[in-house]
Amino acid sequence: MKEELRFFEVTPKIILADTTAEIEIKPLAKYETFDSDTDIEVAYYPLEHFSTIGEYNYQEKYMVRAKDGFIKLTQHFIGEQEHIIKITDTATKKSYTFNFYSVRADLFNRIPYKGDLHMHSHHSDGKESPGFVTASCRKIGFDFMALTDHRKYYPSIECQETYKDIDLDILIARGEEVHPENNNVHIINFGGDFSVNEYMQDNKDEYYKEVKEIEKTIDLDDEHAKYECASSMWCFDKIREGGGLSIFCHPYWLIDSGYYISNSVIDFMYDNQPYDANEVIGGYHSFEFSSNTLQIARYYDERAKGKKVPIVGVSDAHGCEDKDLFGWFYTIVFAPSNEQPDIIKSIKDLYSVGVEFPAGETVRPVGPFRLVKYALFLIREVFPLHDELCYEEGQLMLKHISGDENAKVRLNSLKGQVSNLYNKLFSK
């Protein structure tokens, strides 16, 4: 965390575009207080310059005085972009740089939430219990999550049951990874209120009959590819029937024999978009990163054709403690609330980005340009503060599942602390 975030409370940091906000810069450490007898020089710079004559016309620098050890200043924020305010103590010559972001009304009325929609527990091929995975998600700063074990829905219910007596701020959604018979396509059911895997098993005749009807609408020469597409479409529809988000998984996952599904199926999925969201960022190990590169390139190709492509980023993690995949890949959703319907609708409405941030690597958000710009600011300037609060909650969740009777009381007392942070960071 950079010095300005660690030692100062700066509010607000996110402002409605083309409005004026009163900014407070308040030192959090005693030795950093500002002397009320000293002039403080203020310099303001928008990152995106607007000029008709090819020159950068900055706002003139000006002086302010601190009051009660902190600074108040008024600034007009032009357009949707990042801004810098640099203050310099004229006595000590010490300078600090603070960053702000102004957004248009549609984004200003949405909160950035982080989460993972594709993970596994020890009930399939993962390493830890559902309760442990859930706590680990909060510990690294996630606001929503779903456990999606292979062919199993009940582990996601176990996540909810583990914390049913605690009023948590993290959304714990139900989910599963759906694997239709004789179909190589992997599908995520995020938030559906029933198991599609179980429904297929309990209603095989209905499944095959309805898939046959769907096949008649598909114009492909490869009969098996036609079946895989029809089967997938049936699953996508069933997930939506249960109120869930249907996700087309890792289209360019490379296995020993090549990409795990045929090119005919991949092209059909991108051409027709029968799913609700595409995994533009998948959970790949470092030796598999080329798969994400292909998925990102394909996403931008489809966008260039004029298509609207809802996207997510996921870790597909099979363990939280091995420092591999978990937390490397995730989704930022800009939504009115952290309620499941708002998260799902916001993804469908193209208010999400997939994020790739492997350990030791540079962060790479993927999605619509304006959201990527905003996400880069949030990852640097806002989420470090957000994540510290979440870490505390995640630690207590782990203590709760270990039998600590005081953890529940302490967790309930922390309810709303992230919301309180955002209330401060967003201008009124």
Side-chain angles (χ1 to χ4, degrees), residues 114-164 168 170-180 184-192 195-198 201 235 239 244-250 253-255 260 277 279 281-289 291-292 312-331 354-359 390-391 393-395 397-402:
K114 292 195 298 180
D116 197 343
L117 306 91
H118 185 170
M119 292 173 289
H120 300 277
S121 78
H122 64 199
H123 286 299
S124 60
D125 52 352
K127 295 181 180 179
E128 299 104 358
S129 70
F132 189 94
V133 174
T134 306
S136 299
C137 284
R138 192 56 171 171
K139 190 176 168 183
I140 64 170
F142 286 167
D143 301 293
F144 61 89
M145 60 80 64
L147 194 63
T148 54
D149 276 326
H150 298 285
R151 297 185 176 86
K152 295 176 180 177
Y153 183 76
Y154 69 85
S156 68
I157 300 177
E158 186 178 324
C159 290
Q160 296 177 331
E161 290 295 313
T162 301
Y163 300 101
K164 66 181 180 181
L168 296 172
I170 183 172
L171 167 65
I172 306 171
R174 295 187 179 188
E176 62 186 337
E177 188 158 0
V178 182
H179 297 281
N184 290 322
V185 178
H186 292 198
I187 298 165
I188 288 296
N189 172 8
F190 172 80
S195 170
V196 175
N197 284 302
E198 292 173 14
Q201 287 300 311
C235 292
I239 291 168
L245 183 81
S246 63
I247 304 172
F248 174 41
C249 296
H250 40 62
W253 177 31
L254 186 61
I255 58 177
Y260 87 111
E279 276 188 6
I281 297 288
Y284 297 112
H285 298 272
S286 55
F287 62 89
E288 302 172 299
F289 282 177
S291 292
N292 267 342
V312 296
V314 305
S315 71
D316 198 356
H318 289 65
C320 304
E321 292 297 296
D322 57 7
K323 309 301 180 188
D324 207 5
L325 299 185
F326 182 69
W328 285 13
F329 314 97
Y330 57 90
T331 305
V355 179
E356 187 177 54
F357 201 179
C390 295
Y391 180 84
E393 294 174 25
Q395 287 284 70
M397 290 168 70
L398 289 173
K399 288 182 178 180
H400 170 70
I401 62 176
S402 299

Which residues share a side chain to side chain donor-acceptor pair (under 3.5 Å) with E198, sequence neighbours left out: none
Matching residue for R138 among L168, D143, L398, I172 - test: side-chain contact (heavy atoms from CB on, under 4.5 Å): D143
Residue list, side chain to side chain contact (heavy atoms under 4.5 Å, CB included) with I157, at least two apart or on another chain: Y153, E161, R174
Sequence-distant partners of Y260, ring pair (Phe, Tyr, Trp, His ring centres under 6.0 Å), two or more places apart: H186, H250, W253
Residue list, side chain to side chain contact (heavy atoms under 4.5 Å, CB included) with D324, at least two apart or on another chain: H285, D322, W328
Set of residues satisfying side chain to side chain donor-acceptor pair (under 3.5 Å) with respect to E356, sequence neighbours excluded: N292, R364
Non-neighbouring partners of A146 that pass side chain to side chain contact (heavy atoms under 4.5 Å, CB included), sequence neighbours left out: T148, A173, F190
Student check: side-chain heavy atoms of L117 and E279 closer than 4.5 Å: no
Distance-minimising heavy-atom pair for G131 and I401: C-CD1, 3.9 Å
Nearest heavy-atom neighbours spanning T162 and E158: OG1-O, 2.7 Å
For S402, side chain to side chain contact (heavy atoms under 4.5 Å, CB included) partners two or more places apart: none
All side chain to side chain donor-acceptor pair (under 3.5 Å) counterparts of S246, not counting sequence neighbours: R240, D276
For Y154, side chain to side chain donor-acceptor pair (under 3.5 Å) partners two or more places apart: none
Partner set under ring pair (Phe, Tyr, Trp, His ring centres under 6.0 Å) for Y330, not counting sequence neighbours: F142
Partner set under ring pair (Phe, Tyr, Trp, His ring centres under 6.0 Å) for H120, not counting sequence neighbours: H118, H150, H318
E177: salt bridge (charged side-chain N to carboxylate O under 4.0 Å, His left out) partners, not counting sequence neighbours: none
